[in-house]
Amino acid sequence: MGKSKISYASSGVSIDEGNTFVEKIKSLVAKTMNENVPENIGGFAGLYNISSFKNMEEPMLISSTDGVGTKLKLAFLLEKYDTIGIDLVAMCVNDLIVTGARPLFFLDYIATGKLRSDKMVEVIKGITYGCLQASVALLGGETAEMPGMYNEDEFDLAGFSVGIIDSKKIIDGKTIKKGDLLIGLKSSGFHSNGYSLVRKIFLEYLNKDLNEEVISGRKLGDLLLEPTRIYVKDVLSFIEEVGGVKGMVHITGGGFYDNLPRVIKSSLGADIYPERFYKLDIYEYLKSLNIVEERELYRVFNMGVGFIIVIDRSLAENGISYLNSRGVEASIIGEINDTGNIRIKGVDF
């Protein structure tokens, strides 16, 4: 007898499971659509009508792409997948708004060793919730089943977002000067950065159980999977209602030392005052362990401040009041200096 014929399924890829997955997520994706998106879920490409922006003098498209790094490893360990998609959206759209741009749409890429539609639906739930928070359409995506490239129970994520702004209104930090103040917007925790160090500290060095209650009755795993805060609506509203924004910073990988210089010109620096930060339990707990140099903490993590607005001193208090009126916890955490250095009180001076 001859050998039986092989199929795509026998190689580890299920077309049927992929089709099932698409059907399951259609209603979720539809929730993110708006009047600018023709109905085309499942098509070869996503469409977005930008005619509503025709009054812009010089419309400029701005794009961003990112992932969630090794935070995924914790999701695998806890088998909790409904928030990691929020992180994915946040990392992209929070980068976009640094320029003052309005995010328009989002796309995702999921690669996995074995497609399990129920698990991936949970991921998409998070992505759609993040899109709703950012008022963007989930315009499309790709789910790749790649046996041999990934373990069957693991997957990787990437996100892509596109926004728009009138080029004359781009916020680029060029007008920042000595004496301008930094408004810090509270983060929700580690967001999606530094998780290789997080895992090294809690899972290897301390050998912690992710189900252990460590702070205020909350489990360590829940604290570590707290999704990244999405600042889109609050920041765009701030720009519109308060004005005077000279520069903005999304505190991601590189913390304060590497991210602030991306907006502040090299002849300037900033003095940061951690005592003015809103205290987050997870960071207070991390500092109390005293196992990581303090300068390293501010170089890797957001330490409770996920986003910074640089503004003229005369507008700062009004800005704080406006954010507080929207329920956003924010404070003046520093000021621009002319040293050319980022200095953190208690660490550098």
Is [Y] close to [X] at the side-chain level, that is, under 4.5 Å between some pair of heavy atoms?
X: L72; Y: L157; result: yes
X: I320; Y: I183; result: yes
X: R276; Y: I332; result: yes
X: D87; Y: H191; result: no
X: T228; Y: I86; result: no
X: D281; Y: S216; result: yes
X: M120; Y: L115; result: yes
X: F155; Y: V123; result: yes

Do side-chain atoms of [X] reach the backbone of [Y] as a donor and acceptor pair under 3.5 angstrom?
X: T112; Y: E154; answer: yes
X: S14; Y: E17; answer: yes
X: R313; Y: G179; answer: yes
X: T339; Y: N341; answer: yes

Inset, instruction - Under the side chain to side chain contact (heavy atoms under 4.5 Å, CB included) rule, collect the residues that match up with R326, sequence neighbours excluded. - result: K233, D234, S237, Y322, V328
Legend entry - Trace of the side-chain contact (heavy atoms from CB on, under 4.5 Å) decision for M303 with L297: CA-CA 7 Å; M303 301 305 290; L297 292 176; 3.8 Å; yes
Inset, instruction - Using the ring of F349 (Phe, Tyr or Trp, six-membered ring only), decide whether R343 places NZ or CZ under 6.0 Å from its centre and within 45 degrees of its axis. - result: yes
Could you tell me which non-hydrogen atom of [X] sits nearest to which non-hydrogen atom of [Y], and how far apart they are?
X: E294; Y: G346; result: OE1-O, 4.3 Å
X: V37; Y: A137; result: CG2-CB, 3.7 Å
X: N94; Y: R229; result: ND2-O, 2.8 Å
X: I282; Y: G189; result: CG2-CA, 4.4 Å

Exercise: do [X] and [Y] side chains pair donor with acceptor under 3.5 Å:
X: Y81; Y: D118; answer: no
X: N337; Y: D271; answer: yes
X: Y48; Y: N36; answer: yes
X: K24; Y: S117; answer: yes
X: S187; Y: N302; answer: yes

Residues [X] and [Y] bridged, charged N to O under 4.0 Å:
X: D338; Y: K177; answer: no
X: E212; Y: K219; answer: no
X: E204; Y: R199; answer: no
X: K119; Y: E122; answer: no
X: R295; Y: D348; answer: yes

Does [X] share a hydrophobic cluster with [Y], counting links as ILVMFWY side-chain heavy atoms below 4.5 Å and allowing steps through other members?
X: Y278; Y: L323; answer: no
X: L280; Y: Y273; answer: no
X: V98; Y: L88; answer: yes
X: L139; Y: F53; answer: yes

Legend entry - Summary of salt bridge (charged side-chain N to carboxylate O under 4.0 Å, His left out) pairs that have at least one residue in residues 182-194, sequence neighbours excluded: K186-E329
Inset, instruction - Over 60° means perpendicular and under 30° means parallel, so classify the ring planes of F301 and F190, tilted if in between. - result: tilted
Inset, instruction - Could you label the plane-to-plane angle of the F277 and Y298 rings as parallel, tilted or perpendicular, counting under 30° as parallel and over 60° as perpendicular? - result: perpendicular
Legend entry - Hydrophobic cluster of M91, others only, ordered by chain and residue number, side-chain cut-off 4.5 Å: none
Legend entry - I50 atom CD1: more than 12 heavy-atom contacts under 6.0 Å: no
Legend entry - More than 12 heavy atoms of other groups within 6.0 Å of K200 NZ: no
Legend entry - Residue pair V249, L182: steps toward the side-chain contact (heavy atoms from CB on, under 4.5 Å) verdict: CA-CA 10 Å; V249 182; L182 278 60; over 6 Å; no
Legend entry - Option passing side chain to side chain contact (heavy atoms under 4.5 Å, CB included) with V263 (candidates I308, I171, I176, L268): I176
